[in-house]
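Quick notes on the structure that follows.
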Amino acid sequence: MTPSELSDAVVHALRALVERGAVELTGDLPASVVVERPRNSSHGDYATNVALQLGKRSNLKPPALAAALAEELAGVAGIASVDVAGPGFLNITFDAGAQGGLAGTIVAAGPAYGRNETLAGRRVNVEFISANPTGPLHLGHTRWAAVGDALSRVMEAAGAEVTREFYVNDRGNQMDKFGASVEAAAQGRPVPEDGYHGDYIADLARQVVANRPDILELPEGERLVAFREEAYQLQLTEQQQHLETFRTRFDVWFSERGLYDDGKVEHGLKVLQEKGHLFESEGALWMRTTDFGDDKDRVLRRGNGELTYFASDTAYYVDKRERGFDTCIYLLGADHHGYVGRLRSMAACAGDDPDQTLEVLIGQMVKILRGGEEVRLSKRAGTLVTLEELVDLIGVDALRYTLARYPTDSPLTLDVEQITRASNDNPVFYVQYAHARLASILRNAGDLGIAASTDGFDPSLLAHPREGELLRALAELPRVVAASAQLREPHRVARYLEETAGTFHRFYDACRVLPQGDEEATDLHRARLVLVDATRVVFANGLGLLGVDAPERM
RNA sequence: GCCCCCGUAGCUCAGCUGGAUAGAGCGACGGACUUCUAAUCCGUUGGUCGCAGGUUCGAGUCCUGCCGGGGGCGCCA
């Protein structure tokens, strides 16, 4: 019996009581009932507070309602006992072995286990990183790469249709400054004070000149543009390569310039115009975002005729909606939180309900410690530690996992020594090790000629307490995926895997899986092997949701 | 001044969208390898959940106010 089956059984029991007139309820029956794993094992395998929740709507007080439900549930196959405790909790204990069938179900489902339909039919755009193509990706971008990609995977697993999108800020005067910086470096002149610094500028200059030996001969105006464009392509390509190395792939690289070239900015403004939220004042074009709670109105076109960054963002949003996305998720750094209010107001000006169509996740700062001291500077970038350096220092798996295991709204500190250490205090190794151990058992079973076959295995043999704990842990994966997706909190997957790794290791400690010495393989061995295979599937799928390898050996 | 985030064990942090006696890892101390990976497991130690009110059967979780830390508030991008 799984949690959802148990939930159904509770609803069924409730319905029976109501139909029989034993219980009166105002309002409808709940569609589902929350069953949770109690912290304290003396509270049974599962507990539900349904009687407390329905107390106000029922003619019975919670303890009496709970007692009636307990009696009704006691006859359900697989349930050993139901106790009423405290103010009206139902503590449910399964028959030993009644959960074993789940192991076979998981093995049969394989990579599909954990997937669900919670977000089925939702078209979601997840935009993250969206860096300027004027330099290497750094620490903050790296957090978004790990979290954005994991979030996308989790939402896909929950049934959503997800597009991962990177908005390339390739327009505006920072691009000109970038081009001028590279050009200056190529000419052997110092980079302008307000330009881009760092060794990478000189590297780019060398590459640009190598690719286009004639470039220095061009007249100044053309030369600056040529440097800007060449360096832009090189830098963008480098970002793409580094993200590829980091296993973060985007479906769409969306150029800000493209918005202009394709007339999407004018189109976006037209849409807003029709909605009646634009006005002109002091020679500028404004959006009246204060209509929807922003603290001030925002300029779209300046007095000098130039369109603002906000105009691009507006057009971009309109374009996303016209491409059919129900939900547009933005992952932004804490330094951009001031932007949230105007984004939401803008969506409202475009005729949407921002609560439905636009979500912003704000990520707090990341610090990195090495040898007990904060690492800030990157030689190459001139400013912050880069993605490339982090991958070299920490490795893709440990880096992705560590960045994804914290809620985004808490600041986090990466301790290089800790997360590269192969020991118990390093969660990524702890979890990967569990998978490697499982794979090892399955390998050994193969050598012994014992197959983890799901047909004909006897689930009721999995009656050891540690087996029950492990099965209940495995049963959680679909709920964890659903909650992570709905709450946009992929870190829950990591925390779940850590907890489940502990549960597995305790099972391993107590339950011998394979025959020893000359022992013949028994049905218990075979049943445990199915459980091991199921556990391996859970780790493989869970790590997959985080984009972290599930190693066969360590 | 206004807005956002954070405050939980000595340290780093969880806390399942309001549940029962608040958890994990590290640290410290003590145990477990002739057997499937000891990168593991078991035990002990450790808390006025920043403070004060409120909501209710029940609050670390929700509301209000305060204290402390971080960040943000351009016709910049």
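Sequence lines set the chain letters: A, B, ... in the order given, protein chains first and strands last, and positions in each chain run from 1.
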Check this one for me: any side-chain N or O of [X] less than 4.0 Å away from OP1 or OP2 of [N]?
{"X": "A/Asn426", "N": "B/C26", "value": "no"}
{"X": "A/Arg39", "N": "B/A20", "value": "yes"}
{"X": "A/His505", "N": "B/G25", "value": "no"}

Using the side-chain heavy atoms of [X], tell me which of these nucleotides is nearest: [options].
{"X": "A/Asp409", "options": "B/U40, B/G15, B/C6", "value": "B/C6"}
{"X": "A/Arg492", "options": "B/C41, B/G15, B/A38", "value": "B/G15"}
{"X": "A/Arg495", "options": "B/C13, B/A39, B/G15", "value": "B/C13"}
{"X": "A/Met554", "options": "B/U12, B/C36, B/A39", "value": "B/A39"}
{"X": "A/Ala47", "options": "B/U37, B/C36, B/A20", "value": "B/A20"}

Specify the residue among A/Val34 and A/Asn40 whose closest nucleotide of RNA chain B lies further upstream toward the 5′ end.
->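 On the 5' side of the pair lies A/Val34.
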Please figure out whether A/Gly502 or A/Glu36 has its closest RNA chain B nucleotide nearer the 5' end.
->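 Its nucleotide being nearer the 5' end, the pick is A/Glu36.
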Which part of the nucleic acid, if any, lies within contact of [X], taking any heavy atom under 4.0 Å across all strands shown: a base, the sugar-phosphate backbone alone, or nothing?
{"X": "A/Ala510", "value": "nothing"}
{"X": "A/Ile362", "value": "nothing"}
{"X": "A/Glu489", "value": "nothing"}

Bracket string, RNA chain B, 5' to 3' - pairs by Watson-Crick or G-U geometry under 3.5 Å, | interstrand | (((((((..((((.....[...))))((((((.......))))))....(((((..]....))))))))))))....
Figure out the [atom1]/[atom2] separation between [X] and [N], and round it to whole Å.
{"X": "A/Gln432", "N": "B/U37", "atom1": "CD", "atom2": "P", "answer": "18 Å"}
{"X": "A/Gln486", "N": "B/U17", "atom1": "CD", "atom2": "C1'", "answer": "10 Å"}
{"X": "A/His435", "N": "B/U40", "atom1": "NE2", "atom2": "C1'", "answer": "17 Å"}
{"X": "A/Arg506", "N": "B/U40", "atom1": "CZ", "atom2": "C1'", "answer": "11 Å"}
{"X": "A/Tyr508", "N": "B/C33", "atom1": "OH", "atom2": "P", "answer": "15 Å"}
{"X": "A/Leu514", "N": "B/U37", "atom1": "CG", "atom2": "C1'", "answer": "12 Å"}
{"X": "A/Asp533", "N": "B/C36", "atom1": "CG", "atom2": "C1'", "answer": "15 Å"}
{"X": "A/Glu498", "N": "B/U40", "atom1": "CD", "atom2": "P", "answer": "13 Å"}

Between A/Tyr260 and A/Arg171, is there a cation-pi geometry (under 6.0 Å to ring centre, at most 45° from the normal)?
->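 That pair qualifies as a cation-pi contact.
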Do A/Asn91 and B/A20 share a donor-acceptor pair, side chain to base, under 3.5 Å?
->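 Yes, the side chain and the base share a sub-3.5 Å donor-acceptor pair.
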In B/S/- notation (B base, S sugar-phosphate only, - none; protein heavy atoms under 4.0 Å), nucleotides 69-77 of chain B written 5' to 3' is --BS--BSB
Determine the interatomic distance between P on B/C5 and the same-named atom on B/G46; round to the nearest Å.
->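 About 36 Å, rounded to a whole number of Å.
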